[in-house]
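Just so we're clear, the structure is a prediction, and the values are computed from it rather than from any experiment. Because only heavy atoms are used, hydrogens play no part in the values below, and waters and symmetry mates are left out as well, while side chains stay in.
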Amino acid sequence: MNPYYITTPIYYVNARPHLGHAYSTVVADVLNRFHRMCGQETYFLTGTDEHGDKVVRAAKEEGLSPLVYVDQISELFRNLWPELDIEYDYFIRTTSHAHAKVVEEVLQKIYDAGDIYFSEYEGAYCFGCERFYTERELVDGRCPDHKTIPEVIKESNYFFRMSRYQDWLVEHIETFPDFVRPERYRNEVLAFLREPLVDLCISRPKTRLQWGITLPFDNQYVTYVWFDALLNYISALGYPDGEPFKKFWPTVQHLIAKDILKPHAIYWPIMLKAAGIPLYRNLNVHGYWNVDAAKMSKSIGNVVDPLELKKIYGSDAFRYFLMREMVFGLDSNFSEEAFIHRFNSDLANDLGNLFSRSLTMVHKYFKGIVPQKEAGTESDIDFGLRADAEKAAQDYRKAMEDLAFNKALMAIWEFINHINKYIDVTAPWELAKRKSQQRQLQTVLYNVLEGLRVISGLIYPIMPQASRVMQEHLGLKSAETFQKMEDLSVWGKTKPGIKLPKRLTLFPRIEQGRAQSANQEIAEPKEVRLMRMKPDITMEIFQKIDLRVATVLHAEAVPRSKKLLKLKVDVGEVHTIVAGIAENYEVEDLIGKQVVIVANLKPTKLMGILSQGMVLTAGDKGNCRLVTVDGPSDPGTPLT
RNA sequence: GGCGGUGUAGCUCAGUCGGUUAGAGCAUGCGGCUCAUAUCCGCAGUGUCCGGGGUUCAAGUCCCUGCACCGCCA
């Protein structure tokens, strides 16, 4: 049956879900659906990683116990996935008993084999932070948070003897060239392995951390991070005796973002080896999404969270954009501008319009009944379309297997263009004018519908909803499956004589009142710009927005970002706000300045920083000015 | 500081083992069609392949070096 097992990372619950989480999980879902289409039995795992000191600290900040806190955040992840049409088989939580049992079992096994040892080390420890600092992290020899001089203390911990397996791992990676892919990440791992491996500290004394899984061989310690987190991939399958483990583990494909390359490419294989468990087949590594905040806030006020776009434009379009825009393995940019662009040109104009013009003609010329293809009416152009369909399915399959989702979609869109051209060349509206060409017309429209059938199937992994809607409107019964690769590679599966439902618009064009670029917008006459007021809202809605006067206490540049500044502002309490004003304001200009902020905007992460509100400005990039008050006001004063 | 990556059309990017005249999509301009969501089809451009040096019959591709940006590590 050739099973297929795909995993996402388990997401750490010290923060809310963001675009990166969504991408990993969508990719896993796309692969899962694709392999199902290929007739394989699949298993799709995702979940949350819930132990560790960062979780304890995040819980404390919210005034919650760790248990209550992790329940809440884990729920956020779990609730997000259905919204993105993600169909996983199992959602694992590292706080579950079954998981803890597996962790204990594997730890004991490796301990018994002699690969875990106890050792003492010395370091600079801050009691305020409850953690060790490296020399580098200290500021003038002091803790960056508490400004105190850390104490040098000794601590004993358990270590995993990774060094023993270094040569073996290098050899394994060299023997299996796609063990880590794409190649760039394999090279990175091999480069790293040229240096001697340091043994991994895998415990924390309970005096410092209780929120974890107790070591089976020393109840004064909990295990820390990787022995807990990585083992989810086998505990979820019921290691060691569960049927799913036996069936799916040998086929496992891991999917991660590049930030956790090292644990997955180095620690994890060595852990498996040490525990006598077969290794995973491939580690598939993707890049980061850079969110262009400046291009994210045009049509809908202040949406900087890409996940919000999904609510407006739909899960299919969101998934399409992610898969089409990113080259798997490389970084990509996310902006609303690019999103709308792709939506209009690919989904509305190409696919949506093709679907629409085709069905309209079937309704117009054949009363909505799928016409019969007439023998002897086909010429080179018709056979060419069929060949194009076969090529599209073939190229698509190859690209999907290579994780080249952008190429897979390009193969589909090339075929869409071919059908559009086929319609232009055969000109059904001309054929319809003459009775003598009725049979020709039947053949042409049959072929068009057949092409659409192939497309409706090929898009299924990426856009499951659109796939279903298309198939309903093409008269393909859901009972029979038209989402099997083997059917999509065969021409002529559409059955004539079926009455099609009334046509619909698959992807309505996004009409933008605004110009595509800020420059054009400024260049336009004033009257035109003023007409673009947003729709009326009630007083009640307006009053939900908590506008406050805030005094800037601190400002600093956000690393890796040209436009963003991280501000600490006083609004009665201190809020951290990330603002896209770095191109117009210097840090020094801002300290002490009074600004107006939206204080109750749902917090969102920008470049990894949690932004608790938004600073109001007039205009954007080129000429952006802060909104302020006409004289000193107390921080936190509401605007009415 | 160490290791690695990236730099190609206005924009986003592809470019296999070094091999003919460097490609795609979008944007732009012109033409065509009317079945279609102002959609679709055709044609047309534009390149210091980051700079410099080298290897080679031949370099966007390999080597050295410089610059810019990015990531990982200490």
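- Counting any heavy atom pair closer than 4.0 Å across all strands shown, A:Arg184 reaches sugar-phosphate atoms only and no base atom.
- As rounded to the nearest Å, B:rA24 and B:rU34 have C1' atoms that lie 29 Å from one another.
- Between B:rG5, B:rC35, B:rU37, one nucleotide has an atom nearer to the side chain of A:Lys364 than all others, and that is B:rC35.
- Taking atom P on both B:rC72 and B:rG53, the two are 35 Å apart, rounded to the nearest angstrom.
- Nucleotides B:rU21 and B:rU46 are separated by 16 Å at their P atoms, to the nearest Å.
- Of the candidates B:rA14, B:rU37, B:rC26, B:rC26 carries the atom nearest the A:His341 side chain, counting heavy atoms from C-beta on.
- In this structure, B:rC49 forms no base pair with any nucleotide, since neither Watson-Crick nor G-U wobble geometry is met with both distances under 3.5 Å.
- No contact: A:Arg186 has no heavy atom under 4.0 Å from any strand.
- Residue A:Met361 has its side chain nearest to B:rC35 when only B:rG5, B:rC26, B:rC35 are considered.
- In this structure B:rC30 sits in a base pair with B:rG42, meeting the Watson-Crick or G-U test at under 3.5 Å.
- Rounded to an integer number of Å, the gap from A:Met410 CE to B:rG23 P is 16 Å.
- A:Thr360 comes within 4.0 angstrom of the backbone, heavy atoms only, and of no base.
- Atom C1' of nucleotide B:rC72 and atom CD of A:Glu195 are separated by 13 Å, given to the nearest angstrom.
- The distance from atom CG of A:Leu354 to atom P of B:rU34 is 19 Å, rounded to the nearest whole Å.
- What separates CD of A:Glu337 from P of B:rC11 is a distance of 13 Å, to the nearest Å.
- Both A:Leu351 and A:Asn406 lie close to RNA chain B; mapped to their nearest nucleotides by heavy-atom distance, the more 5′-ward contact belongs to A:Asn406.
- Of the side-chain N and O atoms in A:Arg503, one or more sit less than 4.0 angstrom from OP1 or OP2 of B:rU37.
- Residues from residues 423-456 of chain A placing a heavy atom under 4.0 Å of any atom in RNA chain B, listed by number, are A:Asp424, A:Trp429, A:Glu430.
- For A:Lys258, the side-chain contact (heavy atoms from CB on, under 4.5 Å) partners at least two apart in sequence or on another chain are A:Tyr185, A:Val285, A:Tyr288, A:Asp331.
- Set against B:rC40, B:rU37, B:rC3, the side chain of A:Arg357 has B:rC40 as its closest nucleotide.
- The interatomic distance linking A:Glu414 (CD) with B:rG23 (P) rounds to 17 Å, in whole Å.
- Look at CZ on A:Phe339: it is 19 Å from P on B:rU12, rounded to the nearest Å.
- A:Tyr121 meets the ring-ring contact (aromatic ring centres under 6.0 Å, His included) test with A:Phe132; sequence neighbours excluded.
- With respect to the salt-bridge test (charged N to carboxylate O, under 4.0 angstrom), the residues A:Lys433 and A:Glu430 qualify.
- Taking the C1' atom of each, B:rG19 and B:rG66 are spaced 29 Å apart, rounded to whole Å.
- Phosphate contact (OP1/OP2 of B:rC3, side-chain N/O of A:Arg194, threshold under 4.0 Å): absent.
- Of the charged side-chain nitrogens involved, at least one lies within less than 4.0 Å of a carboxylate oxygen, so that A:Lys373 and A:Glu378 count as a salt-bridged pair.
- Under the Watson-Crick and G-U wobble criteria, each requiring two contacts below 3.5 Å, nucleotide B:rC3 is paired to B:rG71.
- Ring-centre distance between A:Phe227 and A:Phe160: below the 6.0 Å cut-off.
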What pairs of donor and acceptor atoms, side-chain ones from residues 320-329 of chain A against any protein atom, are under 3.5 angstrom apart with sequence neighbours left out?
unit_1, atom_1, unit_2, atom_2, d
A:Tyr320, OH, A:Asp346, OD2, 2.6
A:Glu325, OE1, A:Arg342, NE, 2.7

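- Between the C1' atoms of B:rC70 and B:rC30, the separation comes to 41 Å (whole Å).
- Atom P of B:rU61 sits at a distance of 15 Å from the matching atom of B:rU55, rounded to the whole Å.
- Note on A:Leu506: a base of the nucleic acid sits closer than 4.0 angstrom, heavy atoms only.
- B:rA59 and B:rU16 are spaced 15 Å apart, taking the C1' atom of each and rounding to whole Å.
- Nucleotide B:rG19: paired with B:rC57 (Watson-Crick or G-U wobble, both distances less than 3.5 Å).
- Proximity of A:Lys421 to the phosphate of B:rC40: no side-chain N or O atom is located under 4.0 Å from OP1 or OP2.
- A:Tyr280 has its ring centre less than 6.0 Å from the ring centre of A:Phe179.
- Separating the CG atom of A:Asn187 from the C1' atom of B:rG5 is a distance of 10 Å, rounded to the nearest angstrom.
- A straight line from OH of A:Tyr288 to C1' of B:rG5 spans 14 Å, rounded to a whole angstrom.
- Among residues two or more places apart in sequence or in another chain, the ring-ring contact (aromatic ring centres under 6.0 Å, His included) test is passed with A:His21 by A:Tyr11, A:His18, A:Phe77.
- Here the separation of B:rU48 from B:rG4, taken at their C1' atoms, is 28 Å to the nearest Å.
- Residues A:Ser345 and A:Glu325 both approach RNA chain B. Their nearest nucleotides, taken by heavy-atom distance, put A:Glu325 toward the 5′ side.
- With a cut-off of 3.5 Å on both pairing distances, the Watson-Crick or G-U wobble partner of B:rG25 is B:rC11.
- Looking at heavy-atom distances under 4.0 Å, A:Tyr365 makes contact with sugar-phosphate atoms alone, never a base.
- Counted by atom type alone, A:Tyr224 and A:Asn157 present zero donor-acceptor pairs between their side chains at under 3.5 Å.
- Which of B:rA36, B:rC40, B:rA14 sits closest to the side chain of A:Asp350 comes down to B:rC40.
- By the ring-ring contact (aromatic ring centres under 6.0 Å, His included) test, A:Tyr460 is found to be paired with no residue, residues two or more places apart in sequence or in another chain being considered.
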